[in-house]
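To start, the structure under review is shown below, and the notes come after it.
What's counted below: heavy atoms across the whole structure, side chains too, no hydrogens, waters or symmetry copies.
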Amino acid sequence: MPNVKTKYIFVTGGVVSSLGKGLTAAAIGALLEQRGLEVRMQKFDPYLNVDPGTMSPFQHGEVYVLNDGAETDLDLGHYERFTSGKLTKLNNLTSGQVYETVLQKERRGDYLGATVQVIPHVTNEIKDRIYIDNDDQVDVVITELGGTIGDIEGLPFLEAMRQFALEQDPNNVLFLHCTLLPYLKAAGELKTKPSQQSVAKLREIGIQPDILVCRTEVPMTSEMRQKLSLFCNVPVKAVIEECDVETSIYELPLSLRAEKVDDLIIDKFNLSTKENTMQIWVDVVRRLKAPSHKVEIGVVGKYIELQDAYKSVYESITHAGISNDCSVRVVRIDAEELENEGTQLLSSLDGILIPGGFGDRGIEGKIAAAQYARENGIPFFGLCLGMQIAVIEFARNVAGLDKANSSEFDPETTHPVIHIMEEQKELTTKGGNMRLGAYDCALADDSFSYHAYGTLEVMERHRHRYEFNNAYKDTLTEKGLRIAGTNPDKDLVEIVEMPEHPWFVAVQFHPEFQSKPHAAHPLFANFIAATLKYKK
């Protein structure tokens, strides 16, 4: 049963996808935390995949991994970056999970022979998830629904939300609808009709939005707010302008604060909260807008043309820039271009980063990038696959292990310096079990990593199947590779470094999943600090 003290906000979107619902929900979470409230966030995705773990980054962007190993939507990354709450698998629900659970219950006979239907069985399952991740400490639960109003797959979720609101005290539930005001250049004006129709569609379902957040390129007029208020049945003060931010997404909490969104929510819920200074976000934006330094970082990857494929990596680089009072220009480099055009593409960079990934496309280009960084003393940071690339390159070109490789890319290699774990060899299908979630890492006290973290023990999130092959540990360390971090339970290599290099760190985990704009991940912050020294 629900906690009667908890308030619920449902965030929906209309007109077009990619409006920024996730960022809006996250920014509202940040606002409410600044008012002293405990916030919990969750994402409902209407697609039929059980989770995004097997989905192509070209279609869905990055897979964001939580401490408990859940593979989730990238919006959960926004939630953790903007708010302080740690999320679990219960904070991301897909249609695939819902129908899988309902069918399992039906097969077990849990429904006692009843005809299984969308209403009430599917909607009940969705409502249960709204309730389930809730305790006495949570003041506000914010639930974002993926997709747009009118999508057929989203209807069961909207119906569940309608039912949920009916079962609650009206002062405990708030609906916030994000919509688009398109600007027609030929007419020289914004158009409200698509937003009106989106709200009308929502009202047909039985949901009346309390707040209308209007994404726009140019400022709204007061007449336009009044028109939207009249036709959408929303108070004028609850018609919110959400203009494109000038510099960074981290300006969004401040712009929504200027529109008094948090006041609207507090008033609706009749809550007593502290005043909101927003000083943390003021400081973040100030550093973003007036940095003292500038560096260029090359990110060498295979999904480089798609911004969302490495979303957390790019955001973590930005956070590291903030912590170093530095503007970071990211140069996206397709690994296959390096194979075809050579490493001259890297000559102007102050640092090189190789992110994670799967598959053998562009691997030789990434190896060439790691070699270039090592030989030219350029600060280098490898993440997950980036660590494996660094090991392969070192094995080939320093340790003299001709054609060393990962058994993922060359099953017949004579020197599999990266290989699959023994207990995972039977997992031959895509999407099989991997090392997922948070694992301990013990650091060497003479390492770059220890200097960055300032502690000998850390815990980081993983998403991979292949590991450093310990059979080659002695051979590689004798040639100068430093094992800077290991998992103490399984004796797995987590971090490799090159001690003679100004800054060369490669990690098997994904540190980008634990970075925030006001608390940059230590390794990212140290990496950018090293690039500043290199630039000088």
Would V234 and D210 count as a side-chain contact (heavy atoms from CB on, under 4.5 Å) if you check the C-alpha gap in whole Å, the side-chain angles of each, and the deciding distance to 0.1 Å? CA-CA 6 Å; V234 175; D210 299 286; over 6 Å; no
Dump the intermediate steps for side-chain contact (heavy atoms from CB on, under 4.5 Å) on L93 and K43, then the final yes or no. CA-CA 6 Å; L93 179 68; K43 174 72 180 289; over 6 Å; no
Take L492 and T486 through the side-chain contact (heavy atoms from CB on, under 4.5 Å) test and state the conclusion after the steps. CA-CA 5 Å; L492 297 172; T486 56; over 6 Å; no
Verdict with supporting geometry, I418 and E408, side-chain contact (heavy atoms from CB on, under 4.5 Å): CA-CA 8 Å; I418 305 295; E408 178 184 7; over 6 Å; no
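Side-chain contact of Y79 with Q42: a donor-acceptor pair under 3.5 Å is absent, judged by distance alone. Side-chain polar atoms of T277 and Q34 form no donor-acceptor pair below 3.5 angstrom. Side-chain contact annotation: Q514 with E460, donor-acceptor N/O pair under 3.5 Å present. A donor-acceptor contact under 3.5 angstrom links the side chains of E159 and Q163, judged on distance only. There is a side-chain donor-acceptor pair under 3.5 Å between S312 and E62. Side-chain contact annotation: K7 with N172, donor-acceptor N/O pair under 3.5 Å present. Defined by atom type and a distance below 3.5 Å, a donor-acceptor pair is present between the side-chain atoms of S84 and E33.
In this structure, V328 and I528 have side chains that are in contact, with non-hydrogen atoms separated by less than 4.5 Å. Taking 4.5 Å as the limit, every side-chain heavy atom of F468 sits out of range of all side-chain heavy atoms of S406. Proximity of V507 to L523: side-chain heavy atoms (C-beta onward) are separated by under 4.5 Å at one or more points. M161 has its side chain out of reach of I126: every pair of non-hydrogen atoms, C-beta onward, lies at least 4.5 Å apart. Counting heavy atoms from C-beta on, the side chains of M278 and L31 come closer than 4.5 Å. Side chains of N487 and C441 form no contact here, defined as non-hydrogen atoms less than 4.5 Å apart. Annotation: side chain of F44 is in contact with side chain of R129 (closest heavy-atom distance under 4.5 Å). Residues I333 and V331 are in side-chain contact: their nearest non-hydrogen atoms beyond the backbone lie under 4.5 Å apart.
Using a cutoff of 4.0 Å between basic side-chain nitrogens and carboxylate oxygens, K516 and E80 are not scored as salt-bridged. Salt-bridge formation is not detected for the pair R461/E494: no Lys NZ or Arg NE/NH1/NH2 atom is positioned less than 4.0 Å from an Asp or Glu carboxylate oxygen. Look at D440 and K490 and you find no salt bridge, because none of the NZ, NE, NH1 or NH2 atoms lies under 4.0 Å from a carboxylate O. Between R287 and D325, no side-chain nitrogen of the basic residue sits less than 4.0 Å from a carboxylate oxygen of the acidic one, so the salt-bridge criterion is not met. Ionic pairing of R215 and D244 is present here: one or more N-O contacts between side-chain nitrogen and carboxylate oxygen are shorter than 4.0 angstrom. R329 and E296 are joined by a salt bridge, as a carboxylate oxygen and a charged side-chain nitrogen come within less than 4.0 angstrom of each other. Looking at E315 and R81, no side-chain N of the basic residue comes within less than 4.0 Å of a carboxylate O on the acidic one, giving no salt bridge. For E251 and K289, the salt-bridge test passes: some basic side-chain N is under 4.0 Å from an acidic carboxylate O.
More than 12 heavy-atom neighbours from other residues, nucleotides or ligands sit within 6.0 angstrom of CD on Q279. More than 12 heavy atoms of other residues, nucleotides or ligands sit less than 6.0 Å from atom CD of E100.
With S195 contributing its side chain and L180 its backbone, the two residues share a donor-acceptor pair below 3.5 Å. In terms of modelled atom types and a separation under 3.5 Å, the side chain of R463 and the main chain of L436 share no donor-acceptor contact. Judged purely by atom type and a 3.5 angstrom limit, K302 uses its side chain to pair as donor or acceptor with the backbone of F358. Side-chain atoms of D110 never come within 3.5 Å of backbone atoms of E106 as a donor-acceptor pair (strictly under, hydrogens ignored). D169 places a side-chain N or O within 3.5 Å of a backbone atom of N171 that can act as its donor or acceptor partner. The main-chain N or O of E241 is found under 3.5 Å from a side-chain atom of E259 such that the two form a donor-acceptor pair. Between the side chain of D68 and the backbone N or O of K89, at least one donor-acceptor pair lies under 3.5 Å. Under the 3.5 Å distance criterion, the side-chain polar atoms of Q388 are matched with a main-chain donor or acceptor of Y466. With hydrogens and angles ignored, the 3.5 Å screen pairs no side-chain donor or acceptor of T6 with any backbone N or O of D139. Side-chain N or O atoms of S515 include none that pairs as donor or acceptor with a backbone N or O of A520 at under 3.5 Å.
Pairing each heavy atom of V39 with each of G29, the nearest pair is CG2-O, 3.9 Å. The heavy-atom pair separating P517 from V284 by the smallest distance is O-CG2, 3.9 Å. Between A506 and G386, the closest heavy-atom pair is CB-O, 4.3 Å. V173 and A165 get closest at one heavy-atom pair: CG1-CB, 3.9 Å. Taking every heavy atom of both residues into account, S323 and A525 meet most closely at OG-CB, 3.6 Å. The two atoms that bring I207 and L158 nearest to each other are CD1-O, 3.6 Å, heavy atoms only.
A cation-pi geometry, defined here as NZ or CZ lying under 6.0 Å from the six-membered ring centre and within 45° of its normal, holds between R435 and Y439.
Atom-to-atom distance recorded for I420:CD1 and R465:CZ is 5.5 Å, nearest 0.5 angstrom. Remark: T72 OG1 to L90 CG distance equals 12.0 Å, nearest 0.5 Å. Here the straight-line distance linking atom OG1 of T247 with atom CG of L288 works out to 7.0 Å at 0.5 Å rounding. From I9, atom CD1 reaches atom CD1 of I28 across 6.0 Å, with rounding to the nearest 0.5 Å. Separating the CG atom in D151 from the CD atom in E153 is a distance of 5.0 Å, to the nearest 0.5 Å. S316 contributes atom OG, which lies 11.5 Å from atom NZ of K311 (distance to the nearest 0.5 angstrom).
Just one of Y250, F82, F524 meets the ring-ring contact (aromatic ring centres under 6.0 Å, His included) condition when paired with H319; it is Y250. For the pairing with V11, the side-chain contact (heavy atoms from CB on, under 4.5 Å) check across I142, V213, L174 returns one residue only, I142. The side-chain contact (heavy atoms from CB on, under 4.5 Å) test with R257 singles out one residue from D262, V282, L252, and that residue is D262.
Between F164 and F10, the ring centre distance stays below 6.0 Å. Residues Y64 and H78 keep their aromatic ring centres 6.0 Å or farther apart.
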